[in-house]
Amino acid sequence: MRFVKFVVPVVMIAAATAGAAIGNAKPAPAVERIDFDKTVRRTTPAYDARLAPASPAPIKDFRIPIKDATVQIADSVPYHAWTLGGTVPGPVLRVRQGDSVRITVVNEAPMPHSIDFHAARIPANVAYRVIMPHDSIQFAFVARDPGAFLVHCGTPPVLMHLMQGMYFAMIVDPKHGWGTVADKEFVLVESEFYAQRTSTGTEMQPDYASAQNKQPSYVVFNGRAFQYKANPLKVNVGDRVRFFVVNAGPNLDSDFHVVGALFDRVYPDGNPAHALDGVQTYSVPAGGGVVFETTFRPNGSGEGIYAFVTHSFADAEKGAVGLIQVGTPRQYATMAH
């Protein structure tokens, strides 16, 4: 399996009991601990959409800070966001089916917030209660269901907290894998921003009335309009590419499509036995996640430039379009999308 080279963030791993070690073999890791206050996903020049495999540790321990941050939602368009982890979208959590997941959420923001894991089967009153400023919450669950899931703030009005940027993707790999071997994997979180200029004109502020009327200013992949046009996702000729597409909404569906390619496999849920083949476009509802695969074979969708979009083109024109660079084409095609 070939994966893109990563600069992997430092992660603390707790070793298994000494009895697990035999001879010179290293003991298997028992706990993966990631503090997303210290491990922050790169967002320049674009949000890093590349994915590394899940670690083999059967216990995943994540610390997630809630904090305000100024982010760029389009070129030279700053926005005062509410975030999970300091970026929009927040960090990507990747685990395997059957892993034990431990969550600590710390509210470093000046107002109440909460967290809602779509991947968790857990009482909402236990795990998703309001977290006051300077307070925290801890809970745990077993990742029983594979798939691509949304995580978001669930504090009323939920529409406001989502449009302010409080969401990220969680991936749960099936116990026995996806049934194929992917050469490259990417995460794409689609979402909408509802914004208007402040009186000074330097920073955008939320436009709640537009959100209630479903009239977004920007529709984006991974938090910023058009960022993958200047910074394409890069793959090699012949690569099987897997996309984890999560739709944070808060209002609109995503109709995911790659121009010039068809999806060899679409996983509407996380069960490889339910995979569809030969799909041109597939909808991801607000609050949902779907896994897509396509192969850029030399005798088909080979070397060149491909656009990925939501095929709702009013939304694509507001920012939900990016490029995939396959191989090293001599020149970029003129893309009208």
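The shown structure was predicted, so the numbers you read here are calculated from the model rather than taken from an experiment.
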K.L.:
State, with a plain yes or no, whether a side-chain heavy atom of V95 is found less than 4.5 Å away from one of M170.
P.N.:
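Result yes, sub-4.5 Å side-chain heavy-atom pair found.
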K.L.:
Determine whether V158 and V130 fall in the same hydrophobic cluster, where Ile, Leu, Val, Met, Phe, Trp and Tyr are linked whenever their side-chain heavy atoms lie under 4.5 Å apart.
P.N.:
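Cluster IDs for V158 and V130 differ.
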K.L.:
Could you walk me through whether R50 and F186 pass the side-chain contact (heavy atoms from CB on, under 4.5 Å) check?
P.N.:
CA-CA 5 Å; R50 300 171 299 171; F186 299 100; 3.8 Å; yes
K.L.:
Do you know the tightest heavy-atom contact between G238 and T295?
P.N.:
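Scanning both residues, the minimum pair turns out to be O-CG2, 3.8 Å.
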K.L.:
With a 4.5 Å limit on heavy-atom distance, are the side chains of V181 and R240 in contact?
P.N.:
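In short, these two side chains do not touch, never coming nearer than 4.5 Å.
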K.L.:
May I ask you to test the I66-V105 pair for a side-chain heavy-atom distance under 4.5 Å?
P.N.:
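A side-chain contact under 4.5 Å exists here.
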K.L.:
As an exercise, state the distance from CZ of F221 to CG of L233, rounded to the nearest 0.5 Å.
P.N.:
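Reported value, rounded in 0.5 Å steps: 10.0 Å.
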K.L.:
So, for P65 and F36, which heavy atoms are closest and what is the spacing to 0.1 Å?
P.N.:
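In terms of heavy atoms, the two residues are closest at CD-C, 3.9 Å.
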K.L.:
Flag the pair Y167 / P250 as yes when at least one side-chain heavy-atom distance between them is below 4.5 Å, and no otherwise.
P.N.:
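The answer is no; the side chains never approach within 4.5 Å.
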K.L.:
To the closest 0.5 Å, what do you measure between CZ (F62) and OG1 (T104)?
P.N.:
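Rounded to the nearest 0.5 Å, the CZ-OG1 separation comes out at 11.0 Å.
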K.L.:
When you group the ILVMFWY residues by side-chain heavy-atom contacts below 4.5 Å and let the links chain together, are V106 and W82 in the same group?
P.N.:
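Each belongs to a different hydrophobic cluster.
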K.L.:
Please check: side-chain N/O of T294 versus main-chain N/O of L262, any donor-acceptor pairing under 3.5 Å?
P.N.:
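Side chain of T294 to backbone of L262, a donor-acceptor pair under 3.5 Å: yes, one is there.
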K.L.:
Is E108 salt-bridged to R63, cutoff N-O under 4.0 Å?
P.N.:
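Yes, charged N to carboxylate O under 4.0 Å.
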K.L.:
Would you check if the side chain of D207 reaches a backbone N or O of A211 as a donor-acceptor pair within less than 3.5 Å?
P.N.:
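Between the backbone of A211 and the side chain of D207 there is no qualifying donor-acceptor contact (under 3.5 Å).
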K.L.:
Can you check whether P110 reaches D68 side chain to side chain, under 4.5 Å on heavy atoms?
P.N.:
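Result yes, sub-4.5 Å side-chain heavy-atom pair found.
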K.L.:
Which pair of heavy atoms, one from Y218 and one from A225, lies closest together, and at what distance?
P.N.:
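In this case the closest contact between Y218 and A225 is CD2-CB, 3.9 Å.
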K.L.:
With Y79 as reference, evaluate Q164, Q205, Q72 under the side-chain hydrogen bond (donor to acceptor under 3.5 Å, both in side chains) test and give the passing residue.
P.N.:
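Per the side-chain hydrogen bond (donor to acceptor under 3.5 Å, both in side chains) rule, the option paired with Y79 is Q164, out of Q164, Q205, Q72.
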K.L.:
For the residue pair Y128 and I137, establish whether any side-chain heavy-atom pair is separated by less than 4.5 Å.
P.N.:
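No; the side chains remain at least 4.5 Å from each other.
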K.L.:
Look only at the side chain of T87 and the backbone of P89, and say whether a donor-acceptor pair between them is shorter than 3.5 Å.
P.N.:
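Between the backbone of P89 and the side chain of T87 there is a qualifying donor-acceptor contact (under 3.5 Å).
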K.L.:
What's the shortest heavy-atom distance between V219 and P216, and which atoms?
P.N.:
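Residues V219 and P216, closest heavy atoms: CG2-CG, 3.8 Å.
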K.L.:
Distance check, rounded to the nearest 0.5 Å: L188 atom CG versus F256 atom CZ?
P.N.:
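Answer rounded to 0.5 Å: 5.0 Å.
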K.L.:
Within the distance-only criterion (no hydrogens, no angle test), does the side chain of D135 pair as donor or acceptor with the backbone N or O of I131 below 3.5 angstrom?
P.N.:
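A pair under 3.5 Å: no.
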K.L.:
Same cluster or not: V142 versus F149, using hydrophobic residues (I, L, V, M, F, W, Y) connected whenever any side-chain heavy atoms lie under 4.5 Å apart?
P.N.:
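No, V142 does not connect to F149 through the hydrophobic network.
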K.L.:
So does I59 get a backbone contact from the side chain of S100, meaning a donor-acceptor N/O pair under 3.5 Å?
P.N.:
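Judged by distance alone, no pair lies under 3.5 Å.
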K.L.:
Do N222 side-chain atoms and Y47 backbone N/O form a donor-acceptor pair below 3.5 Å?
P.N.:
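It does not hold such a pair.
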K.L.:
Quick one about T310 and D315 (side-chain donor to acceptor, distance below 3.5 Å, no hydrogens or angles considered), yes or no?
P.N.:
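Side chains of D315 and T310: no pair found under 3.5 Å.
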K.L.:
Just do the side-chain contact (heavy atoms from CB on, under 4.5 Å) check on R224 and I73 with the steps written out, would you?
P.N.:
CA-CA 4 Å; R224 191 187 317 161; I73 60 175; 5.7 Å; no
K.L.:
Examine distances only and state if a side-chain atom of Q227 and a backbone atom of K229 form a donor-acceptor pair shorter than 3.5 Å.
P.N.:
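No, Q227 side chain to K229 backbone: no donor-acceptor pair under 3.5 Å.
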K.L.:
How long is the straight-line distance from CG of L276 back to CG of D264, given to the nearest 0.5 Å?
P.N.:
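If we round to the nearest 0.5 Å, D264:CG and L276:CG are 12.5 Å apart.
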K.L.:
Once rounded to the nearest 0.5 Å, what's the spacing between atom CG of L84 and atom CD1 of I115?
P.N.:
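CD1 of I115 is found 5.0 Å from CG of L84.
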K.L.:
Can you list the steps and then say if M163 with E192 is a side-chain contact (heavy atoms from CB on, under 4.5 Å)?
P.N.:
CA-CA 7 Å; M163 64 181 272; E192 306 127 36; over 6 Å; no
K.L.:
Looking only at heavy atoms, what is the nearest atom pair of G154 and S114, with distance?
P.N.:
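Smallest interatomic distance, heavy atoms only, reads N-OG, 3.1 Å.
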K.L.:
Do you know which two heavy atoms are closest between P53 and R94, and how far apart they sit?
P.N.:
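Distance-wise, the nearest heavy atoms are CA-NH1, 3.9 Å.
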K.L.:
Evaluate the side-chain proximity of P329 to E303: yes if any heavy-atom separation is below 4.5 Å, no if none is.
P.N.:
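Counting from C-beta outward, E303 and P329 do come under 4.5 Å.
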K.L.:
Check for me whether the distance between the ring centres of F141 and F117 falls short of 6.0 Å.
P.N.:
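Yes, ring centres under 6.0 Å apart.
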K.L.:
For the residue pair R121 and D145, establish whether any side-chain heavy-atom pair is separated by less than 4.5 Å.
P.N.:
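Sidechains of D145 and R121: in contact.
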K.L.:
With no hydrogens and no angle check, is any side-chain donor or acceptor of R242 less than 3.5 Å from a backbone partner on T180?
P.N.:
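Side chain of R242 to backbone of T180: a pair is present.
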K.L.:
What is the distance from atom OH of Y228 to atom CG of N231, rounded to the nearest 0.5 Å?
P.N.:
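One gets 8.5 Å once the value is rounded to the nearest 0.5 Å.
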K.L.:
Is a donor from one side chain sitting under 3.5 angstrom from an acceptor on the other, for S301 and Y306?
P.N.:
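On atom types as modelled, these side chains do not qualify, holding no pair under 3.5 Å.
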K.L.:
Would you say M111 ends up clustered with I64 if hydrophobic residues are merged whenever their side chains have heavy atoms under 4.5 Å apart, either directly or through other cluster members?
P.N.:
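Linked within one cluster.
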K.L.:
Kindly check if the number of other-residue, nucleotide or ligand heavy atoms within 6.0 Å of CZ (R42) is above 12?
P.N.:
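Atom CZ in R42 is packed in, count exceeds 12.
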K.L.:
Are the side chain of D239 and the backbone N or O of V241 linked by a donor-acceptor pair below 3.5 Å?
P.N.:
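Judged by distance alone, no pair lies under 3.5 Å.
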K.L.:
Under 3.5 Å, which donor-acceptor pairs link side chains of residues 280-292 to any protein atom two or more places apart or in another chain?
P.N.:
from: T281; atom 1: OG1; to: H257; atom 2: ND1; distance (Å): 3.1
from: S283; atom 1: OG; to: D255; atom 2: OD1; distance (Å): 2.5

K.L.:
With sequence neighbours left out, what residues match D37 under side-chain hydrogen bond (donor to acceptor under 3.5 Å, both in side chains)?
P.N.:
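side-chain hydrogen bond (donor to acceptor under 3.5 Å, both in side chains) list for D37, sorted by chain: K67.
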K.L.:
Determine yes or no for a side-chain-to-main-chain donor-acceptor pair under 3.5 angstrom, with D116 supplying the side chain and H152 the backbone.
P.N.:
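Not confirmed, D116 side chain does not pair with H152 backbone.
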K.L.:
Applying side-chain contact (heavy atoms from CB on, under 4.5 Å) to L93 and F168, what does each step give before you reach the verdict?
P.N.:
CA-CA 8 Å; L93 275 59; F168 60 81; 3.6 Å; yes
